[in-house]
Amino acid sequence: MSTLNDRLARLRVEAGAGALSTPAPLLCATTPTPRPRDTLRALLHAREQRRAAPRPVLAAPAGVEVAAGVYLVERTFAYAANPRLMLPWLAQAPIERSRLVCFDTETTGLAGGVGTRAFMIGVARWRADRLTVRQLYLTTMAGEAAMLRLFNAWLDPAAILVSYNGKSYDAPLLKGRLRLNHVDHRLAELPHLDWLHPVRRRYRGVFENCRLATIERQALRIVRDDDLPGAQAPAAWLAFLRGQSSRNLARVLDHNRQDVVTLMRLSDHMTASDPAAP
Amino acid sequence: MSSVDATPSGLAPSPIARLIERWSQRHGECITGHVRRPAQPARWCEFPRGLAPALRAALAARGIERLYSHQREAWDHVAAGEHVVVVTPTASGKTLCYNLPVLAAVHADRAKALYLFPTKALAQDQVAELLELNAAGTLGLRAFTFDGDTPADARQAVRLKGDIVVSNPDMLHQAILPHHTKWAQFFESLRYVVIDEVHSYRGVFGSHVANVIRRLKRVCAFYGVAPRFILCSATIGNPREHAEALLGEPVHAICDSGAPCGERHVLLWNPPVVNPDLGIRASARSQSMRLARHTIRARLKTIVFAQSRLMVEVLTKYLKDVFDHDPRKRERIRAYRGGHLPSERRHTERALRKGALDGVVSTSALELGVDIGALDVAILNGFPGSIAASWQRLGRAGRRQRPALGVLVASSAPLDQYVVRHPEFFAAATPEHARIAPDQLLILLDHIRCAAFELPFTSGDRFGDGVVDDFLAVLAEAGVLHQEGTRWDWIADSYPAGAVNLRAVADGNFVVVDRSDGKHTIIAEVDYSSAALTLYEGAIYLVQSRPWQVERLDWVGRKAFVTATHADYYTDAIDYTRLKLLARFDGCNAGQGTCHHGEVHVVRHVSGYKKIRYYSHENVGYGPVNLPDQELHTTALWWQLAQPVLEAAFASRQDALDGFLGAAHALHTVARVRAMAEGQDLQKAVGSGDAAGFASRDGNGRGQWRNAHGEAVPLAEAGSFTPTLFLYDNFPGGIGLSEPLYRAAPELVRAALELVEACDCNGGCPACIGPVLASDTPQPSQAELAVAVLSLLAA
């Protein structure tokens with residue numbers, strides 16, 4: 001007997017050979033037939049009995065639980081630097097380095113739309129020759145609103161957002177999820193320096209591409225050890241959520257942490273190597 | 001009424017009255033009915049009290065000083081907070097029914113409105129109209145279209161600044177709802193949703209749209225709004241019921257138009273019998289062409305509706321041969337159909353509005369409210385399959401205060417013959433009902449998936465009529481949802497709306513590429529379902545009646561490469577269908593046989609094509625087609641008679657088979673009337689039930705048994721012989737047609753029996769048992785054989 005999923009998959013293919021198009025519209029009778037629902041229920045019943053085993057709950061790979069389903073990981077690094085830096089992309093006057101909020105999210109995918117969410121937000125901020133990286137991540141879906149509220153609380157009115165492609169990706173995505181979770185936020189009001197465009201202007205044609213990993217390796221000479229490619233982050237979180245493994249989620253934390261550290265390094269690089277920019 | 005009485009009383013005869021008179025003198029025997037709708041004067045109402053002066057001024061500047069009664073009725077009910085559906089004829093000022101309350105709300109409160117039209121062209125017409133009204137009264141209104149052509153950088157402005165956003169259900173489904181947070185401001189102030197042409201949202205498309213509306217309401221609830229819906233429809237039998245099915249809420253229906261209209265004449269035209277022995281009539285095509293030549297020569301702007309895209313092109317060629325043979329003169333005739341590029345269609349619409357064309361030949365594409373100005377005569381080449389569609393097409397003719405003429409020219413198809421032979425039926429019939437099945441398993445699951453992407457579900461939530469828990473569990477098993485307690489969140493890295501098409505457009509489409517003289521130009525698009533029947537290699541593909549020949553078909557790449565040609569023929573595909581029973585859901589005795597309802601596997605195979613010469617319509621050759629079979633799992637009802645019953649009742653297997661084919665034809669006809677289905681939605685077939693063999697008619701109308709490869713085999717060698725008569729839903733998974741038909745099966749058989757017995761033909765004709773040749777007058781006749789089968793199945 002074919003399962004409901006097989007059945008649905010088969011009907012799909014017929015509806016347009018892979019594409020989910022349907023043949024020309026057709027009329028149909030008054031009463032929806034009760035049968036498909038009953039079939040569905042019958043099939044589901046069989047399924048539910050088979051997969052009764054509860055999902056194991058894994059221990060969070062790092063950090064402390066700061067709200068239900070939300071963990072915080074905090075690391076501090078020595079980072080000796082000038083407390084002010086010139087960012088002519090934003091302002092003519094020097095800017096206090098402590099205002100920079102270098103941030104990056106890890107998300108459930110790249111499909112776009114309100115159904116894609118961030119499960120991890122990393123933020124690097126500098127104070128007195130030290131760089132503090134704070135990362136929030138979800139161990140349950142239900143923690144999302146709390147995570148977003150915590151992140152928003154880190155954004156003081158003087159904050160300047162720094163990202164890589166964040167203007168078109170991370171920020172709109174977070175705004176959507178903030179809206180969805182009824183969290184008022186100041187994301188839209190803060191100045192935002194997205195390095196992608198300045199980097200592109202300077203390095204297009206110089207390196208094979210302008211992805212952050214490439215710029216980091218070629219321009220900043222940073223070498224990552226055992227890095228989990230960003231594309232595997234969604235699967236890593238899912239594996240944790242489904243109780244399969246937390247190993248790769250730990251690697252996502254490392255990857256995300258390096259990303260936000262790189263953003264600060266990149267800010268210095270872009271400022272120092274071309275003081276006349278833009 | 002059905003009398004033939006063409007002399008108008010009193011006034012000097014109009015060109016239309018003169019034409020009718022001439023026709024009834026010369027071709028009186030063809031006119032089986034003359035339906036007259038008297039002219040109707042306008043019924044007026046005052047503007048509602050409290051209508052803002054600016055709005056009054058804008059309307060006055062457009063020449064509107066009062067409202068038609070239905071416009072006022074719409075205002076009053078909308079003001080009372082009801083959902084309404086407005087059902088009035090073309091050019092009755094329907095748009096003001098929704099524009100007035102919307103403009104008032106925008107003007108007073110900066111409220112927002114979403115307009116949905118089934119096509120981009122209609123949306124653009126609407127924005128143009130709104131902007132004219134806005135300019136007339138300096139209302140400060142901002143109306144934008146939002147469709148696939150809206151540039152990315154303009155979209156944000158539309159979202160933030162648009163008071164009225166004019167879009168289509170596909171965009172709502174694929175671009176607005178899945179990004180609703182970007183539209184938060186818009187949704188928070190959304191007060192009205194206007195959906196025009198709701199009669200076109202029926203069947204599968206309508207079932208999808210009903211679910212998109214469910215999603216829209218769910219998103220609106222999230223933003224704390226419950227907008228009022230204002231729907232408009234062409235005439236259908238059940239506007240309120242249909243509107244309520246789409247919305248899932250009570251709706252007030254406004255069906256009484258206060259707009260004036262001129263006198264309307266409709267003639268039912270049965271082509272003359274050209275071969276009395278065989279009962280063969282002249283073709284509808286030749287008659288439609290003759291009538292169109294008369295009307296165009298009488299300087300009456302004429303629209304001819306044809307049933308297929310192919311027929312549109314053939315008829316356009318015939319009219320162009322008469323009226324457009326001199327290339328130095330302006331073009332007088334054009335074709336209009338789906339598959340033409342949008343720019344070409346816009347060109348034709350503009351030419352029609354300016355009155356620059358004298359004749360247009362169209363498919364149902366012009367049924368909708370595309371603004372083409374008014375015409376004088378509508379000729380329907382064949383019955384469109386429903387009373388509603390007939391009136392919609394006939395309504396294309398008729399300018400205010402001037403008489404309009406419609407002619408329904410019957411083909412030899414059974415429904416056509418039924419309609420012209422029963423003129424009282426046509427005059428009195430209520431238009432068909434629009435049906436949707438929003439809870440169809442596959443469609444519902446698609447939209448619950450999209451809805452879960454847009455907002456999380458909680459166990460026990462309802463979507464439409466039902467609780468969603470079962471569906472959520474299926475989606476969780478598939479890994480697209482994640483359950484935590486009672487909450488179900490979207491988890492997959494995909495954009496589900498992108499994978500759900502509301503209709504057969506977009507990804508499944510084939511493009512037709514012209515490669516003549518080293519060109520590489522796209523000249524048309526053909527939807528997936530008709531590609532196998534129109535774009536096989538060797539096919540003549542017609543655009544504006546110019547022939548192209550398909551040289552190569554890239555099935556996987558969805559491309560057909562064509563070159564211009566000068567063929568004096570066109571091509572028509574030959575296809576076969578075989579069915580296999582998969583599961584019986586229910587069964588009962590039917591007379592001495594059985595009737596069942598269940599699931600079937602349908603395989604449709606295009607085996608070749610015929611070349612048909614223009615004008616003479618003789619067959620001038622065949623060609624083979626080699627295309628993948630099209631498969632379908634769907635629901636069906638079927639009748640069977642056991643072998644002993646057959647052997648006792650029929651002298652030979654051939655007789656039994658002929659009887660089954662005739663019975664299938666009659667049952668299909670009555671079932672279509674009963675289910676109010678369009679021809680392609682409900683299909684018929686006769687086969688063995690295990691897909692080992694199936695029956696079709698040969699050139700003489702006799703039954704022929706074919707094996708699974710489509711090769712004809714003698715009946716004696718067919719092994720066990722249980723001919724099975726199927727009626728099936730032509731949609732994957734079924735769309736709810738066959739189940740109610742199964743419940744009405746005894747009545748269907750009785751009605752089919754009456755149809756054949758009451759037919760005044762001699763031994764069978766297209767109107768009862770299908771196309772048969774009576775030349776060899778077999779004994780018993782095929783009609784008698786069909787009656788025998790139906791009698792055995794009658795309880």
Side-chain angles (χ1 to χ4, degrees), chain A residues 3-5 7-8 10-37 39-41 43-44 47-48 51 55 69 107-117 140-142 144 172 175-180 234-235 238 241-242, chain B residues 178-182 184 202-207 435-442 445 453-454 466 470 473-474 477-478 482 484 487 489-495 499-501 503-508 528-529 585 631-633 675-678 680-681 729-733 735-737 739-740:
Chain A
T3 67
L4 180 68
N5 280 338
R7 199 178 131 84
L8 289 168
R10 196 186 61 209
L11 293 176
R12 287 243 144 77
V13 171
E14 290 163 9
L20 291 185
S21 59
T22 54
L26 42 98
L27 286 176
C28 38
T30 0
T31 43
T33 70
R35 188 196 56 80
R37 278 299 181 84
T39 313
L40 177 70
R41 292 223 170 80
L43 286 163
L44 281 173
R47 276 292 180 106
E48 277 167 352
R51 55 194 300 283
R55 226 162 30 211
T107 65
T108 54
L110 295 169
V114 293
T116 305
R117 75 187 70 209
T140 66
M141 289 276 197
E144 187 184 18
K175 280 182 209 162
R177 296 309 299 186
L178 284 157
R179 191 69 193 66
L180 206 65
L238 266 183
L241 213 57
R242 290 179 176 151
Chain B
H179 285 284
H180 63 82
T181 50
K182 290 184 180 166
R202 58 181 196 268
V204 174
F205 185 30
S207 306
R435 306 280 182 198
I436 53 171
D439 292 328
Q440 204 267 355
L441 181 66
L442 207 53
L445 187 72
F453 179 88
E454 288 150 10
D470 297 333
V474 173
E477 272 168 42
H482 181 78
E484 257 176 34
R487 202 177 121 127
D489 272 285
W490 184 262
I491 190 85
D493 182 14
S494 63
Y495 188 81
V500 178
N501 276 317
R503 42 187 157 184
V505 287
D507 1 9
Y528 175 79
S529 55
F585 303 142
E631 297 188 52
L632 181 69
H633 287 81
M676 296 171 189
E678 283 161 28
Q680 58 182 4
D681 310 338
D729 292 16
N730 191 18
F731 180 71
I735 187 73
L737 282 175
E739 204 259 356

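In what follows, every chain begins at residue 1, and chains take the letters A, B, ... in the order their sequences are listed.
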Visitor: Do B:Asp489 and A:Arg117 have side chains that get closer than 4.5 Å, going by heavy atoms?
Guide: yes

Visitor: Can you tell me how far CH2 of B:Trp490 sits from OG1 of A:Thr116, rounded to the nearest 0.5 angstrom?
Guide: 9.0 Å

Visitor: Considering only heavy atoms and a distance below 4.5 Å, find which of A:Ala111, A:Ala142, A:Ala235 pairs most often with chain B.
Guide: A:Ala111

Visitor: Output the option from B:Lys182, B:His180, B:His179, B:Glu484 having the highest count of non-hydrogen pairs under 4.5 Å with chain A.
Guide: B:Glu484

Visitor: Closest heavy-atom contact between A:Met141 and B:Arg487?
Guide: O-NH2, 4.4 Å

Visitor: Check whether A:Leu178 gets within reach of chain B through its side chain, its backbone, both or neither, counting any heavy atom under 4.5 Å.
Guide: neither

Visitor: Can you give me the closest heavy-atom contact between B:Ile491 and A:Thr108, atom names plus distance?
Guide: O-CB, 4.1 Å

